[in-house]
Amino acid sequence: MSGAVFLVPLSSVSGLVWVVIRWSLRLAALGAAGASAVASPSGELPALSRVPLPDGLRVERLVDDARLDGHAVAIRRLHSPASCQDLQAAIASVWRGRLSPHVLVRQADESPIVSAALPAGFISVQLQPLVDGGCQGLLSRWPLERPPVAANQARIESLFPGWPAQVRVLRQFDDRGAAGPSAGNTQRAGTVIGVSSLSVARLLDLFRERLLAQGYRLQPSVSTPGGASPSTLMADKPGAALALFLNDRGESTEVVLILDRRSP
């Protein structure tokens, strides 16, 4: 994992998901290690709005109702004029005094991490310095419960009906939250990362067939910094936009599908 993770645009859920997937395993390892050491049954996992933080932080909502590999996830973005080292120390101090005695402090590349373990899960923050000074971070909430595998499969099917059986799912991110000022306007975004023994060409045929059957309109190939990408599919239909990326890994093909769907 690199400190450059935060360079990914966070203006949309599709951009945010790359951040979440790339650092979730590190945070999960830290939090789970601490949570397993908690002997006291006291201490529920608070909502992010109730997590104590040092003064002077600006907090921005990113995700309220999401799932990563079946785990419930909520995320906020933090901004502070303080240095990341000072902010990390301040958060750890506040959390030890007001949230949990089990607080882990780590340095992951250039990104300081603080994780507070509770019996019901853990609260974590990853920080990164800003170019013009100050610090930004991602504050996240990770309950320990996980639904059955069948529920995860149902969630994939709800995002992309007819998901090819030849593609094994490795990671899955699913977000559902209010979009815009209208409470009745709901946007759902999902990302599925998988792997398949099929070739890029065969997978393109499979996904084209399913996209057309679902009423999508295939868009012309898009240009990338390296030129046109024949292993990329872009498609849309009323209320939904989809991007599919296929990467040849030699003996296997990596599959990344990103869907943004909005409904009144």
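- Closest heavy-atom contact between Ile113 and Gln88: O-NE2, 3.3 Å.
- The two residues Leu206 and Pro164 come nearest to each other via the heavy atoms CD1-CB, 4.4 Å.
- Taking all atoms of both residues into account, the shortest heavy-atom contact from Leu118 to Ser100 is CD2-CB, 3.8 Å.
- Take Arg141 and apply the salt bridge (charged side-chain N to carboxylate O under 4.0 Å, His left out) test, not counting sequence neighbours, and it matches no residue.
- For residues 237-249, the salt bridge (Lys or Arg N to Asp or Glu O under 4.0 Å) pairs, not counting sequence neighbours, are Arg249-Glu254.
- In terms of the salt bridge (charged side-chain N to carboxylate O under 4.0 Å, His left out) criterion, residue partners of Asp205 (sequence neighbours excluded) are, by chain and number, Arg208.
- Residues Ala240 and Tyr216 come closest through the heavy atom pair CB-OH, 3.8 Å.
- Although no hydrogens or angles enter the test, the distance criterion places a donor-acceptor pair under 3.5 Å between the side chain of Ser231 and the main chain of Leu246.
- For the residue pair Ala235 and Leu211, the shortest heavy atom distance occurs at CB-CD1, 4.2 Å.
- For Arg98 (side chain) and Pro52 (main-chain N/O), no donor-acceptor pair under 3.5 Å exists by modelled atom type.
- Not counting sequence neighbours, the partners of Ala90 by the side-chain contact (heavy atoms from CB on, under 4.5 Å) test are Pro54.
- The ring pair (Phe, Tyr, Trp, His ring centres under 6.0 Å) pairs that include a residue from residues 80-100 number zero, where partners must be two or more places apart or lie in different chains.
- Within the 4.5 Å cutoff, the side chain of Leu139 has heavy atoms near those of the Leu53 side chain.
- In this pair, Phe207 and Trp163 present their aromatic rings perpendicular. The plane angle is above 60°, beyond the 30 to 60° band.
- Checked by atom type and distance alone, the side chain of Thr253 pairs as donor or acceptor with a backbone atom of Leu198 at under 3.5 Å.
- Among residues at least two apart or in separate chains, there is no side-chain hydrogen bond (donor to acceptor under 3.5 Å, both in side chains) pair with a member in residues 193-204.
- Hydrophobic clustering places Val59 together with Leu99 (ILVMFWY residues linked when any side-chain heavy atoms are closer than 4.5 Å, directly or through intermediates).
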